[in-house]
Q: 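A single structure is presented below for examination.
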There are 2 protein chains.
Amino acid sequence: MDLLSQSKAAPDSNACVVVIDDDAEFRESLGRLLRVVSLQSRTFASVADFLAAQLPDGPTCLILDIRLPGQSGLDFQRDLVTANVKLPIVFMTGYGDIPMTVQAMKGGAIEFLTKPFRDQDLLDAVNVGLARDRARRQNKAASDTLRARFEVLTPRERTILFRVAEGRLNKQIAGDMGITETTVKVHRSNMMKKIKAGSLVELCRMIDRLKVAPDGAETSS
Amino acid sequence: MDLLSQSKAAPDSNACVVVIDDDAEFRESLGRLLRVVSLQSRTFASVADFLAAQLPDGPTCLILDIRLPGQSGLDFQRDLVTANVKLPIVFMTGYGDIPMTVQAMKGGAIEFLTKPFRDQDLLDAVNVGLARDRARRQNKAASDTLRARFEVLTPRERTILFRVAEGRLNKQIAGDMGITETTVKVHRSNMMKKIKAGSLVELCRMIDRLKVAPDGAETSS
DNA sequence: AACGGGTCTAAACCAAGGTTTAAAGTTCGA
DNA sequence: TCGAACTTTAAACCTTGGTTTAGACCCGTT
């Protein structure tokens with residue numbers, strides 16, 4: 001969102017492609033290819049090297065070789081899934097087989113390319129990956145601000161929030177909780193202000209978003 | 001997900017596994033295996049044979065050979081995706097390669113098994129497929145009844161429904177449409193009865209479901 | 001021409017939501 | 001112990017939502 005942010009079509013200001021491959025020449029070749037299409041890239045020889053650096057803060061796509069010194073690409077993918085890190089991954093390999101491919105794709109890989117591959121195939125996959133990560137980040141950002149607002153609610157305000165989201169009336173909520181309707185109204189009013197919901201339907205959608213993405217998970221198309 | 005898993009939870013009365021493979025002996029062998037775990041199956045030698053029959057009406061999972069007389073398994077998958085038929089597919093093949101695998105998995109396949117495979121691997125995949133189809137059917141059934149109710153709404157009732165779902169007040173809707181608040185209230189009331197929404201939050205969720213699944217699509221986990 | 005469905009409205013009424021003011025009890029940490 | 005945050009309530013008031021009754025108009029079909 002800066003002054004020069006994507007002049008017009010420019011898909012991203014700070015998108016970054018991370019290449020992990022143990023072949024130095026190949027890494028450089030990929031870096032050049034990406035530069036041609038105006039994509040930043042950072043290259044590493046191993047997973048360990050990548051982990052030693054820090055994650056880019058913009059939309060990111062991983063290009064991973066399957067066979068790597070130390071941890072393999074597939075192992076790394078499994079770790080990322082376990083750690084709930086949803087980086088899009090494009091796999092490359094010279095020595096792949098079908099079970100590896102299935103595992104990679106089940107793990108959510110964007111593409112599984114066998115070397116040698118056409119440059120365009122890689123670029124297409126990277127663009128899909130970046131688009132997916134962009135969408136995921138926007139989604140996550142929205143969920144995070146929502147969660148932050150939810151955190152400041154008092155216990156009473158939270159329970160009333162959920163009752164309201166169930167469609168219960170103030171009167172019913174008051175009965176459920178053993179307090180008066182006035183009190184419910186006060187809590188409800190404070191809750192709506194804190195969570196910045198302008199209407200009941202807005203609140204409803206906020207709640208549903210909170211419930212769907214309890215820890216940053218999401219369903220990308 | 002073990003061999004006897006059905007005996008206890010009995011996940012389905014009328015689940016059906018459809019096997020399409022040109023090897024008659026193999027078909028029969030699969031049929032026996034499925035019968036052991038109490039799964040109905042129907043076998044076909046080709047896609048054409050399957051299409052000539054009619055789709056089972058319960059939860060279904062397809063087991064497809066890649067290489068088939070006539071249309072190949074991958075072609076058939078592509079057609080199903082195009083036709084928006086979301087049957088879960090488990091692929092089997094004796095002569096697969098990585099691009100095929102990638103295409104199949106991108107197309108939403110549950111599994112891609114290379115012959116020979118372990119019985120348990122197939123059964124696991126079939127159970128995942130059936131579970132997914134079961135969930136999809138439930139989802140679709142709910143969306144369908146909702147859509148049916150939406151269809152009986154008059155044009156006025158529909159526009160008011162959407163305005164309400166945007167969080168607009170009766171007064172604002174009246175202003176937007178150039179009619180009185182009383183009229184809005186009447187349409188709104190009739191609309192709520194016809195669509196069987198007991199509260200505003202219920203309506204809100206109904207609308208969101210209609211919008212998310214405009215033609216039976218859905219996001220399975 | 002008669003009928004039904006859809007649209008529109010007024011008037012009157014009741015229920016539910018929302019705000020404000022003012023006050024008081026609890027709990028917990030500084 | 002003091003203060004801050006949380007919780008609770010009454011009372012009064014206003015807005016919004018929802019229903020009913022009764023009537024009117026338009027339009028297409030029978």
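What you see is a predicted model, and the numbers here were worked out from it, not measured in a lab.
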Q: Please produce a list of atom pairs where a protein N or O lies less than 3.5 Å from an N or O of nucleotides 24-30 of chain C.
A:
none

Q: Tell me the interatomic distance from B:Arg158, atom CZ, to C:dT7, atom P, rounded to whole angstroms.
A: 10 Å
Q: Quick one: does any side-chain atom of A:Asn190 pair with a main-chain N or O of A:Val186 as donor and acceptor, under 3.5 Å?
A: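 Yes; at least one donor-acceptor contact below 3.5 Å.
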Q: Rounding to 10 degrees, work out the angle separating the end axes of the helix from C:dA1-D:dT30 to C:dA30-D:dT1 (five pairs an end).
A: 30°
Q: Strictly distance-based, threshold 3.5 Å: is any side-chain N or O of A:Arg137 a donor or acceptor partner for the main-chain N or O of A:Asp57?
A: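 Answer holds: yes.
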Q: Check salt bridge (Lys or Arg N to Asp or Glu O under 4.0 Å) between B:Lys106 and all other residues, then give those that pass, not counting sequence neighbours.
A: A:Glu111
Q: Examine distances only and state if a side-chain atom of B:Thr60 and a backbone atom of B:Gly58 form a donor-acceptor pair shorter than 3.5 Å.
A: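 Here the side-chain-to-backbone pair exists.
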Q: Could you tell me whether the side chain of B:Phe76 reaches within less than 4.5 Å of the side chain of B:Leu64, counting heavy atoms only?
A: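 Yes; the side chains approach each other to less than 4.5 Å.
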Q: Among residues two or more places apart or on two chains, list those pairs meeting salt bridge (charged side-chain N to carboxylate O under 4.0 Å, His left out) that have a residue in residues 187-206 of chain B.
A: A:Asp208-B:Arg205, B:Glu157-B:Lys194
Q: Do B:Arg42 side-chain atoms and B:Val18 backbone N/O form a donor-acceptor pair below 3.5 Å?
A: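 It does not hold such a pair.
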Q: Take nucleotides 5-24 of chain D nucleotide by nucleotide from the 5' end and write B, S or -, depending on whether a protein heavy atom sits under 4.0 Å from the base, only from the sugar-phosphate, or from neither.
A: -SSBBBB----SBBB-----
Q: Listed by chain and number, what are the salt bridge (Lys or Arg N to Asp or Glu O under 4.0 Å) partners of A:Arg78, not counting sequence neighbours?
A: A:Asp75
Q: Do A:Ile179 and A:Arg156 come close enough that some side-chain heavy atom pair is under 4.5 Å?
A: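 When only atoms from C-beta onward are counted, A:Arg156 and A:Ile179 do touch, with a gap below 4.5 Å.
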Q: Taking the side chain as everything from C-beta on, heavy atoms only, tell me whether A:Asp21 gets closer than 4.5 Å to A:Leu30.
A: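 Side chain of A:Asp21 against side chain of A:Leu30, heavy atoms only: no contact under 4.5 Å found.
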